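Residue numbering restarts at 1 for every chain, and letters A, B, ... go by the order of the sequence lines. Here the structure is a predicted model, which is why all the values come from computation and not from measurement.
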Number of protein chains: 2
Amino acid sequence: MTESHIAEKTGSRETETAILEAARNLLAEGGLDALSMRAVASQVGLSATAIYHWFEGKEDLVDRVVLHGFRRSEAYMWKAIEELPAGSMDRVAALGEAYIRFALENREYFKIIFAIQTPAPRHIDDVPGQGGYRVLRQCVVEAMDAGNIRRTDPDVVVLFLWSLVHGLVTIFMACDPKEMLAETGCCDDLDGKDLTIGLFARFRDLVRGGLEPEEGMGGGGDA
Amino acid sequence: MTESHIAEKTGSRETETAILEAARNLLAEGGLDALSMRAVASQVGLSATAIYHWFEGKEDLVDRVVLHGFRRSEAYMWKAIEELPAGSMDRVAALGEAYIRFALENREYFKIIFAIQTPAPRHIDDVPGQGGYRVLRQCVVEAMDAGNIRRTDPDVVVLFLWSLVHGLVTIFMACDPKEMLAETGCCDDLDGKDLTIGLFARFRDLVRGGLEPEEGMGGGGDA
DNA sequence: GGCGTTAAGTTAACACCGTTACATTAACAC
DNA sequence: GTGTTAATGTAACGGTGTTAACTTAACGCC
């Protein structure tokens, strides 16, 4: 409670950020298993128990690491749309693509939030939606105002789009997308991240026009 | 390699299934952390090491437990559509709803596949898509033949629908959906599983008709 | 200069964990 | 009987997150 408290804290924070950075690297390289208190500590040059002076425990440490990831993701998504015209569907699509890119480039951050053993579900602010949700929502509302999206509850549309992209990413992170689409031959020349984005591109038509057949095209095939 | 091998094995399998059942319960109750070799063993009345005679290790045990979950999920989905007319969109929608129901009623099975630390992604056959993918694909193809779905690559449509539903479930398992839609007031009276399904119902319009505004409705609002 | 307090870190230990090595018991084949 | 194999047990290893108790250094204060 003394006056010099602020300055004193500021200096010591270096240790805290060093711990966070080490944790971040371990997580990105080897996943949650590789992020052990002892591994983090040895990388920083401390004993494992010293970490408990800065973080409540492993869960707290991981939370803080992941939080940092979200902050980056928000910036990532803003950057993706900044040069595209407001109200355009291109903006909405670019946002989806950015989400995919970020997720696949930061698998471990991403997995943790949706994979972690949480007894209670996490608050929305702790989730990639944090920045993402609000950015997307703004784009959707603008697109509605511009007459590019049918006028309905914007939150339903946002969740619709978010679910679509998030589902695609999550599925492709768990299965081998290449194998999954082997029979189809669609996007044959692509793989990994590009395949996911290629498939996302093919979703655009469905999102825009829906699954319903065009009017006046006759009743489909030979049924 | 002796002749009595089969009968002998059949009798002993009871131990194996007892282990599986104990593992299943522990997983469903307390997640992957609660499923420890020692906990399983004590529940069956064995020593932890005895499990290694029936399973290669924890990973193998978990895999087998999850596999059982998939089998159930497939049956669950077949049952959901059996009384609905083939080729109808109701079938497709019922499948989505069944997927949501199963996921939320079997969170731990579900989480594991998409959450587990897999260096290499799992094969499609190891994923809820296993049964699910093929069931959904059949329904989509039938709906195309019946003229209820625009004719395009069915695998793209299947993945589109699967992504949508899977994303919705995954997001709602990680965030608090109630909180997320607080401002909107949509589906205000529902919660938990019902809210997710309620929201899924609102997706149906968007899936059918797309986001594009109807022709001849004028250029949207006041933009 | 001595005192109390706090920050920052240590070592030792606890209770788990998955897994391995090795011993044991029982049943069966020859 | 003897050998073999299935089925289980005990003891132990190296790892985990975490706690308790201790040190060491720095600071404010009188």
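Heavy atoms of B/L35 sit under 4.0 angstrom from primed sugar atoms or phosphate atoms, though from no base atom. Within 4.0 Å (heavy atoms only), A/S36 reaches sugar-phosphate atoms of the nucleic acid but no base atom. Looking at heavy-atom distances under 4.0 Å, A/A50 makes contact with a base.
No salt bridge links B/R71 with B/E74; every basic N to acidic carboxylate O contact stays at or beyond 4.0 Å. Residues B/D90 and B/R204 are paired through a salt bridge, judged by an N-O separation under 4.0 Å between the basic side chain and the carboxylate.
Straight-line distance from the CZ atom of A/R38 to the C1' atom of C/dA12: 11 Å, rounded to whole Å. Put simply, NZ on A/K58 is 4 Å from P on D/dG17, counting in whole angstrom units. One interatomic measurement links the two molecules: CD of B/E59 to C1' of C/dT19, which rounds to 14 Å at whole-angstrom precision. Rounded to whole Å, atom P of C/dA7 lies 17 Å from atom CG of A/L46. Counting to the nearest Å, the P atom of C/dA15 and the CG atom of B/D33 are 20 Å from each other. Look at CG on B/L26: it is 14 Å from C1' on C/dC17, rounded to the nearest Å. In this entry the distance linking CE of A/M37 with P of D/dG17 reads 7 Å, nearest Å. The separation between B/H53 atom NE2 and C/dC22 atom C1' is 14 Å, rounded to whole Å.
The phosphate of D/dA6 has neither OP1 nor OP2 within less than 4.0 Å of any side-chain N or O from B/W54. At C/dT10, none of the side-chain N or O atoms of A/T49 fall inside 4.0 Å of OP1 or OP2 (strictly under the cut-off). Taking only side-chain nitrogens and oxygens, A/Y52 never comes nearer than 4.0 Å to OP1 or OP2 of D/dT19.
Proximity of A/W78 to A/I81: side-chain heavy atoms (C-beta onward) are separated by under 4.5 Å at one or more points. Within the 4.5 Å cutoff, no side-chain heavy atoms of B/M173 are placed close to those of B/T196.
Of all nucleotides present, only D/dG1 satisfies the Watson-Crick or G-U wobble test against C/dC30, with each distance under 3.5 Å.
Here the closest heavy-atom approach between residue A/V156 and residue B/F203 is recorded as O-CE2, 3.6 Å.
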